[in-house]
Amino acid sequence: MNIYKIYFNYIIELLDKFKLESKHNFDNSEILKKITLEPPKNNINGDMSTNLAMLLSKSLKLNPKEIANKLKPYILKLPNIALVDIAGPGFINITLKQSTWSDFIKNMLLNPQNWDKQNIGKGQNINLEYVSANPTGPLHAGHARGAVFGDALASLLDEVGYKVIREYYINDAGSQIEKLVESSLLRYDECNGQDIKEIPNGLYPGEYLKDVGKQLFKKYGKNLKQKSKKDVFDLVRKVSIEVIMKMIKKDLSKLGVKMDVFTSEKNIISGNLLTDILTLLENKNLTYYGTLDPPKGIDPNTWVKRQQFLFKSSNFGDDLDRALKKSDGSWTYFATDMAYHLDKINRTNGDLINVLGADHTGYISRINAAVNALSNGSITIDTKVCALVNLMENGNPIKMSKRAGNFVTLSDIIDAVGKDVIRFIMLTRRNDQSLDFDFKKVTEKSKDNPVFYVQYAHARCNSIFKSAEILEENLSVENIDLLSGNDETELIKFISQWPRTLELAAKNHEPHRICYYLIELSSMFHTLWNKGKDNLNVKFIVENDVKLTNARLLLVKAVALTIRKGLSILKIKPIFEM
RNA sequence: GGACGCGUAGCUCAGCUGGAUAGAGCAACUGCCUUCUAAGCAGUAGGUCAGAGGUUCGAAUCCUCUCGCGUUCACCA
């Protein structure tokens with residue numbers, strides 16, 4: 001039950017009626033697109049505010065305030081209107097009757113599961129690709145952000161009625177995999193009793209490959225290398241990737257992330273998709289053999305000019321055409337990625353979202369071009385970029401280097417602070433802003449730590465029920481109209497904005513908004529609670545007034561429910577007792 | 001050099017796709033509480049939204065240019 005949506009729809013109906021009755025002739029379509037009904041920033045300006053009069057001003061050639069005055073009688077006829085005010089440059093500010101708010105809480109508590117349900121996705125499919133870390137080593141801090149962001153977004157979209165496919169693309173082909181195989185073979189040699197000394201530069205030195213070596217030795221004994229080179233490569237590749245993917249999946253599940261689909265790059269390459277995209281593009285005349293100009297700023301002497309097989313991605317907004325084949329005739333990474341995206345398009349029958357790291361920003365426009373070309377513009381792809389995470393310890397950056405071995409893995413972080421803390425903190429910043437993750441601060445039990453602050457608010461709700469000696473679920477929804485204090489009403493109004501927050505977060509693909517909402521809700525709740533210290537009259541539990549206490553406990557319950565709902569979208573467990 | 005992103009209070013950041021007097025949290029200053037509902041509370045101050053133009057009823061938000069920072073740029077993956 002999104003109050004703002006309900007009144008928004010009233011306003012739209014009202015516009016038609018006004019047009020008919022006022023005999024003004026104007027074009028609705030532009031206005032309908034721009035019309036807003038929002039909670040004003042400052043609550044002096046009522047409960048909701050619309051810009052309708054200002055929008056009409058141009059086509060009616062009247063000043064906005066005049067129009068607002070003409071609209072006012074229409075608005076006064078809407079349900080539960082207490083006051084309509086015209087303010088500023090022509091805003092129409094609406095104040096609802098007090099009873100609206102207690103009714104709101106009542107309705108919410110009678111439908112705790114569904115009160116905030118909205119069907120924005122209408123059951124459409126949406127494919128969300130995230131993490132997709134190379135299977136060459138364990139997940140680290142940087143991956144955590146993409147994983148949490150993607151997973152929270154998935155759960156958010158799921159909540160508002162999309163059918164979400166959570167997907168991981170395994171880059172199990174290409175030169176990095178060759179290096180992985182080489183590294184694993186060294187570990188095998190090690191098990192075989194050889195002194196391998198130090199792992200050479202450019203290969204993967206991590207301990208985790210020892211396990212691969214062991215498995216290979218266990219399975220094939222001393223004779224592995226007697227097989228053909230190709231067989232050895234395939235076997236080692238298979239075992240390496242199995243071991244590492246198992247590790248990655250384990251870490252993901254520790255973080256609470258569960259993928260629906262894992263797609264292998266190797267399978268994409270060995271299937272027919274590459275020839276499919278080739279015919280598709282050729283039919284549209286989007287490929288050619290040609291040479292690219294050297295990028296500006298590059299020394300022309302070092303530039304190797306060569307004939308390449310290219311995709312006209314610049315037709316679709318990319319700044320360059322992109323190579324599909326290398327000079328030796330093999331496909332480029334981009335070509336296989338294009339094939340992969342065709343695969344996603346075919347399987348999904350809906351829009352796509354990619355979650356990438358900041359270092360892949362330059363890649364976005366060509367993928368957009370690809371998806372556009374392959375789907376004839378019928379599929380949109382939104383790419384979300386996650387900026388860096390700076391790991392800190394009490395204000396000081398932790399220096400990471402793979403060589404020195406003080407490389408912080410995701411698993412380490414989970415063990416240190418717990419998955420819920422990671423999930424929350426990773427969303428306390430917009431995805432495209434870099435984020436400091438301070439081991440000390442995120443585990444601090446103080447109001448400066450947002451995770452603690454929100455969890456504390458929830459635990460506090462529970463503790464109030466305890467002091468009142470009543471179980472939350474046994475509260476009866478009555479006397480709710482006794483909730484009439486200013487602060488109480490403000491709190492209710494803020495809760496009424498929850499569905500709107502959900503909607504905006506989902507539409508903009510911005511799960512961080514959930515976090516910010518929860519922090520603010522908690523803050524309002526704590527503030528109200530604290531007022532009870534100075535003023536016994538505003539305590540939640542009122543001595544000798546069972547009815548008022550009951551009403552206030554219902555509000556506490558509403559707060560608890562909302563926090564729980566928000567946390568559940570972030571897949572974080574609420575804490576009942578601290 | 002090109003492309004993309006960023007620039008908001010001393011610091012860290014929000015800002016609802018163009019709305020009203022730009023908001024939080026730290027830090028600072030000023031009080032309050034030395035407790036029981038729980039890990040303090042309340043208040044004050046702090047701004048040319050990098051700068052300059054433009055679009056319009058109206059711009060932190062859209063467009064152009066300038067400055068500063070970051071990422072990225074070939075057949076890598």
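The chains referred to below are lettered A, B, ... by the order of the sequence lines, with proteins before strands, and numbering in each begins at 1. Please read all numbers here as calculations on a predicted model, not as lab measurements.
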**Request:** Could you grab the distance from atom CG of L56(A) to atom NZ of K34(A), nearest 0.5 Å is fine?
**Result:** 12.0 Å
**Prompt:** Using purine N1 to pyrimidine N3 plus N6-O4 or O6-N4 for Watson-Crick, or N1-O2 and O6-N3 for G-U wobble, both under 3.5 Å, which nucleotide pairs with G18(B)?
**Reply:** none
**Asked** Taking OP1 and OP2 of G5(B), is either one under 4.0 Å from a side-chain nitrogen or oxygen of H360(A)?
**Response** no
**Message:** Under 4.0 Å, counting only non-hydrogen atoms across every strand here, what does S434(A) touch: a base, just sugar-phosphate, or nothing?
**Reply:** sugar-phosphate
**Message:** For the residue pair Q308(A) / Y288(A), report whether a side-chain donor-acceptor contact shorter than 3.5 Å exists.
**Reply:** no
**Message:** Does the structure show a Watson-Crick or G-U wobble partner for G2(B), both distances under 3.5 Å? Name it, or say none.
**Reply:** U72(B)
**Prompt:** Looking only at atom P, what distance separates U61(B) and G51(B), rounded to whole Å?
**Reply:** 10 Å
**Prompt:** For D359(A), which contact category applies under a 4.0 Å heavy-atom criterion: base, sugar-phosphate, or nothing?
**Reply:** sugar-phosphate
**Message:** Both conditions, 6.0 Å and 45 degrees, for the charged tip of K445(A) above the ring of F452(A): are they met here?
**Reply:** no
**Asked** If the P atom of G1(B) is compared with that of C11(B), how far apart are they to the nearest Å?
**Response** 28 Å
**Asked** So does K41(A) get a side-chain nitrogen or oxygen closer than 4.0 Å to the phosphate oxygens (OP1/OP2) of G19(B)?
**Response** no
**Prompt:** Base, sugar-phosphate, or nothing for K539(A), non-hydrogen atoms under 4.0 angstrom?
**Reply:** base
**Item:** Inter-nucleotide P distance (C62(B), C4(B)), Å rounded
**Value:** 14 Å
**Prompt:** Y516(A) on top of A14(B)'s base, within under 5.5 Å and under 30°?
**Reply:** no
**Prompt:** On a whole-Å scale, what distance lies between the P atoms belonging to U56(B) and G70(B)?
**Reply:** 37 Å
**Polar side-chain contact N93(A)-A20(B) base: donor and acceptor under 3.5 Å** = yes
**Asked** Distance between the P atoms of C75(B) and G23(B), in whole angstroms?
**Response** 50 Å
**Polar pair under 3.5 Å, donor/acceptor by atom type, side chain D436(A), base U12(B)** = no
**Message:** Both V538(A) and P39(A) contact RNA chain B. Taking the nearest nucleotide for each, which residue is further toward the 5' end?
**Reply:** P39(A)
**Request:** Assign L292(A) to base, sugar-phosphate, or nothing according to its heavy-atom contacts below 4.0 angstrom with the strands shown.
**Result:** sugar-phosphate
**Prompt:** If pairing requires Watson-Crick or G-U wobble contacts with both distances under 3.5 Å, which nucleotide is the partner of U48(B)?
**Reply:** none
**Fill in**
The reported gap from CG in L435(A) to CZ in R429(A) (rounded to nearest 0.5 angstrom) is 6.0 Å
**Message:** Mind checking if R500(A) touches a base, just sugar-phosphate, or nothing, with heavy atoms under 4.0 Å?
**Reply:** base
**Message:** Taking G25(B) as the reference, what is the distance to U44(B) when you measure between their P atoms (whole Å, please)?
**Reply:** 12 Å
**Message:** Can you tell me the base-pairing partner of C67(B)? Count Watson-Crick or G-U wobble geometry only, both distances below 3.5 Å, and say none if there is no partner.
**Reply:** G7(B)
**Message:** Let's go through K466(A) and E577(A) carefully: what are the C-alpha distance in whole Å and the side-chain angles of both, what is the deciding distance for salt bridge (Lys or Arg N to Asp or Glu O under 4.0 Å) to 0.1 Å, and is it a yes or a no?
**Reply:** CA-CA 10 Å; K466(A) 249 167 114 183; E577(A) 231 165 305; 2.9 Å; yes
**Request:** Name the nucleic acid region contacted by Q433(A), choosing base, sugar-phosphate or nothing; use a 4.0 angstrom heavy-atom cut-off, strictly under.
**Result:** sugar-phosphate
**Asked** What about R513(A), does its side chain sit under 3.5 Å from the base of C16(B) through a donor-acceptor pair?
**Response** no
**Message:** Can you see if the side chain of K58(A) gets near the phosphate of G58(B) - specifically, an N or O under 4.0 Å from OP1 or OP2?
**Reply:** no
**Prompt:** Which is true for A87(A) with a 4.0 Å heavy-atom rule: it touches a base, it touches only sugar-phosphate, or it touches nothing?
**Reply:** base
**Complete:** Re C62(B): Watson-Crick or G-U wobble partner, both distances kept under 3.5 Å, found to be G54(B)
**Request:** For A173(A) and for L388(A), locate the closest nucleotide of RNA chain B by heavy-atom distance; then report the residue assigned to the nucleotide nearer the 5' terminus.
**Result:** L388(A)
**Request:** For the side chain of E38(A), starting at C-beta, report the closest nucleotide among A39(B), U17(B), C26(B).
**Result:** U17(B)
**Pair Y333(A), N171(A): side-chain N/O donor-acceptor within cut-off below 3.5 Å** = yes
**Message:** Heavy atoms only, 4.0 Å cut-off, all strands: where does F334(A) land among base, sugar-phosphate and nothing?
**Reply:** nothing
**Message:** Heavy atoms only, 4.0 Å cut-off, all strands: where does A459(A) land among base, sugar-phosphate and nothing?
**Reply:** base
**Prompt:** When we call it a touch if two heavy atoms are under 4.0 Å apart, what does P64(A) touch: a base, just sugar-phosphate, or nothing?
**Reply:** nothing
**Request:** Searching all strands shown, indicate the nucleotide that pairs with G43(B) (Watson-Crick or G-U wobble; both distances under 3.5 Å).
**Result:** C29(B)
**Prompt:** Of the candidate nucleotides A74(B), C41(B), C57(B), which contains the atom at the shortest distance from the side chain of Q308(A)?
**Reply:** A74(B)
**Message:** Stacking between F452(A) and A39(B), defined as ring centres under 5.5 angstrom apart with planes under 30°, is that present or not?
**Reply:** no
**Item:** P-based separation of A74(B) from U17(B) [nearest Å]
**Value:** 37 Å
**Message:** Can you check the distance between A50(B) and A42(B), where both ends of the measurement are the P atom (answer in whole Å)?
**Reply:** 31 Å
**Prompt:** Just checking N508(A): base, sugar-phosphate only, or nothing, at a heavy-atom cut-off of under 4.0 Å?
**Reply:** base
**Item:** Watson-Crick or G-U wobble mate for U12(B), both contacts under 3.5 Å
**Value:** A24(B)
**Request:** Would you confirm whether S49(A), through its side chain, and P39(A), through its main-chain N or O, come within 3.5 Å as a donor-acceptor pair?
**Result:** no
**Asked** Side chains of Q176(A) and Y204(A): donor-acceptor distance under 3.5 Å anywhere?
**Response** yes
**Message:** Base, sugar-phosphate or nothing for S49(A)? Non-hydrogen atoms, less than 4.0 Å.
**Reply:** base
**Asked** Considering every strand shown, what is the Watson-Crick or G-U wobble mate of U35(B) when both distances are under 3.5 Å?
**Response** none
**Prompt:** For A3(B), does OP1 or OP2 lie under 4.0 Å from any side-chain N or O of R366(A)?
**Reply:** no
**Message:** Is U17(B) syn or anti, taking syn as a glycosidic angle within 90° of 0?
**Reply:** syn
**Item:** I367(A) backbone acceptor or donor facing D318(A) side chain under 3.5 Å
**Value:** no
**Sugar-phosphate only, base, or nothing, as touched by S327(A) at under 4.0 Å among non-hydrogen atoms** = base
**Prompt:** Does a nitrogen or oxygen in the side chain of K447(A) sit under 4.0 Å from OP1 or OP2 of C26(B)?
**Reply:** yes
